[in-house]
Amino acid sequence: MAATWYGLMCSRLPLASLLHFPKSVRPVLIRVTMDRVPAAAEGVRSASSFLHDKAYINGKWVTADSGATIEVVNPSTGAVLGTVPDMGEAEAQSAVDAAYKAFQTWKDTTAKERSALLRKLFNLIEENKQELAKLLTAEMGKPLAEALGEVNYGSSFAEWYAEEARRVYGDVIPTPMKSRRLLALKQPIGVAGMITPWNFPNAMITRKACAALAAGCTTVIKPAEDTPYSALALAELADKAGFPPGVVNIVTSSRTKSAEVGKVLCSSPLVATISFTGSTNTGKILLKQSADTVKRVSLELGGNAPFIVFDSADLDMAITGAMACKFRCSGQTCVCANRIMVQEGIYDQFVDKFAKAIEKELVVGDGFDGSTTQGPLINKAALTKVDEHVQDAVSKGAKVVTGGKFHEKGGNFYQPTLLRDVTTEMRCLKEEIFGPVAPVVKFKTEEEALAVANSVNTGLAGYFYSKDLSQIWRVAEKLEVGIVGVNEGVVSGVEIPFGGVKESGLGREGGKFGIDEYLEIKYVCMGGV
Ligand code: NAP
């Protein structure tokens with residue numbers, strides 16, 4: 001049996017084969033294989049109770065109508081973890097119908113009831129967080145400690161919105177006429193369609209869905225093809241928590257069918273709002289598609305974050321910030337530093353220290369290996385794009401200080417890379433790199449740094465390091481972004497409004513602000529008083 005498991009992992013046969021056995025037998029099958037399981041498979045094995053091979057619609061675990069499936073691959077090893085249904089228009093429509101039907105009663109639940117269910121969901125995520133983190137590392141590749149950080153971040157939205165659910169207040173408006181009383185009521189908007197990315201497969205779902213559920217909305221969620229398991233695991237926990245059928249629905253699909261699912265969500269009159277996190281290109285498609293039904297659309301899109309280090313900065317603090325901001329999730333977050341700009345007085349010193357930190361602190365490898373800080377890129381397309389950015393910069397005069405190549409481990413791994421003498425003509429400054437490449441540009445004045453920082457069409461996060469108080473106010477106010485880190489490289493949190501300006505998005509998620517995306521304000525005028 002041990003050999004069977006080993007064979008499963010090595011021959012790329014799906015782990016889901018195990019799921020074809022009755023549930024009572026699975027733990028035995030899994031246990032007896034322990035001694036021969038490769039290290040990287042360890043986490044998947046113990047997370048196997050969450051490896052759902054079905055999607056979740058109307059409280060039931062279902063296959064695609066056609067029976068079609070897609071394989072989910074561990075990006076560290078290339079091993080197939082299992083399969084999920086490849087759904088399209090029909091299944092998306094049935095999820096929307098279920099969500100719409102469920103909304104008719106869910107909207108009338110009390111805030112206290114919704115709060116209690118979200119609290120149960122929070123407790124269940126907490127109880128299962130080690131397994132959820134392993135599942136996340138297996139399907140996405142990020143180091144286990146980072147995955148656990150994401151699950152903690154994800155559960156914090158269940159906890160936060162359990163609390164916020166009870167604080168959705170309307171207004172009594174002072175009346176200009178004695179015979180009238182004026183009220184503003186807040187009501188749930190309706191069915192919320194959600195499309196989420198692969199880089200935060202757990203937290204991007206809870207950040208949206210927990211706010212929507214707290215407000216009294218029902219949800220249809222389409223996770224990314226690469227990372228459906230974390231979404232299905234959350235559905236299982238929502239089911240266990242007691243959310244009624246149809247309130248949470250997960251539609252899985254392949255990349256080839258995601259447009260079909262997206263079209264149903266955007267064009268259905270039964271869906272009241274679309275919440276999307278992903279690339280700016282996809283966001284624009286969804287925005288256009290939602291125009292015909294005049295839907296509310298919330299978009300968390302791509303960034304191209306400036307990370308500015310002024311001469312007055314605390315250099316060590318700036319290096320610590322740059323390491324965390326650039327290399328978290330192997331550079332695959334929308335708020336990662338993309339354009340690192342350093343003032344000429346400290347440029348050489350910064351590059352030198354940054355290179356030493358990269359070489360000393362970053363360890364590339366499988367996310368299940370305890371020493372790994374840098375997991376793989378999500379897929380081959382991402383790997384190729386990152387290398388193209390490096391080659392383009394080098395061909396235009398940038399110098400590789402460290403890294404600059406595909407990693408010797410092969411697969412989807414890329415060397416953590418530092419480029420100097422980078423200019424604004426290079427692709428890595430114009431576009432999001434979304435990988436472990438740090439391009440460093442030299443600038444002379446604050447005006448020049450701001451002009452470069454604000455020269456792009458995106459505006460999600462921006463960071464800068466300075467000890468000059470007047471400069472801190474000036475730059476924080478002038479940066480054209482939705483999120484500013486001043487002497488801080490990691491600024492996310494459950495309490496804060498997360499979102500961008502320009503082509504980085506519409507609306508805000510998280511904090512007291514996030515729930516507003518799922519509420520309508522209704523004005524009531526009572527006459528004849
Ligand atoms: P993407 O291609 O836009 O994919 C994101 C999601 O959209 C996936 O679920 C994808 O499904 C789906 N999708 C793609 N095309 C679609 C269509 N025509 N209709 C409906 N759904 C569609 O983005 P990505 O390149 O994977 O993700 C990285 C991007 O997300 C980066 O630009 C990053 O900055 C951004 N991001 C932003 C935030 C934020 O909060 N602002 C957070 C994380 C990531 P499939 O995977 O099945 O194609």
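Atoms within a ligand are numbered from 1 in the order they appear, just like the ligands themselves. What you see is a predicted model, and the numbers here were worked out from it, not measured in a lab.
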Residue-level breakdown please: for [X] versus ligand 1, do any non-hydrogen atoms fall below 4.0 Å on the side chain, on the backbone, on both, or on neither?
X	result
Val335	neither
Arg207	side chain
Phe200	neither
Pro223	backbone
Glu432	side chain
Asn199	side chain

How about [X]: does its [atom1] atom have over 12 heavy atoms from other parts shown lying under 6.0 Å from it?
X	atom1	answer
Lys385	NZ	yes
Lys502	NZ	yes
Glu89	CD	no

Could you tell me, atom by atom, which parts of ligand 1 come under 4.0 Å of a heavy atom of [X]?
X	result
Arg255	47 (O), 48 (O)
Leu460	41 (N)
Trp198	24 (P), 26 (O), 27 (O)
Leu286	19 (N), 20 (C)

Could you tell me whether ligand 1 has any atom less than 4.0 Å away from a heavy atom of Asn281?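 It does not; every heavy atom stays at 4.0 Å or beyond.
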Is Arg339 positioned over the aromatic face of Phe307, cation under 6.0 angstrom from the ring centre and no more than 45 degrees off axis?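 Relative to the ring axis of Phe307, which defines the angle, Arg339 lies outside at least one limit.
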Does Lys142 make a cation-pi contact with Phe200, if we ask for NZ or CZ under 6.0 Å from the ring centre and within 45° of the axis?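 Output yes; distance and angle both within limits.
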Are any of the N or O atoms of [X] closer than 3.5 Å to those of ligand 1?
X	result
Ser258	yes
Gly278	yes
Leu301	yes

For [atom], the option (of [options]) bearing the nearest heavy atom:
atom	options	answer
atom 11 (O) of ligand 1	Glu509, Met194, Lys385, Lys222	Lys222
atom 3 (O) of ligand 1	Ala259, Ser279, Gly482	Ser279
atom 16 (C) of ligand 1	Thr196, Asp226, Ile221, Thr282	Thr282

Option passing side chain to side chain contact (heavy atoms under 4.5 Å, CB included) with Thr252 (candidates Val261, Asp86, Leu232):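 The passing option is Leu232.
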Could you pull out the closest heavy-atom pair between Val335 and Arg328, with the gap in Å?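 Scanning both residues, the minimum pair turns out to be CG2-NH2, 3.6 Å.
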Salt-bridge test for [X] and [Y]: reply yes if a basic N is under 4.0 Å from a carboxylate O, no otherwise.
X	Y	result
Arg255	Asp226	yes
Arg296	Glu517	no
Lys186	Glu520	no

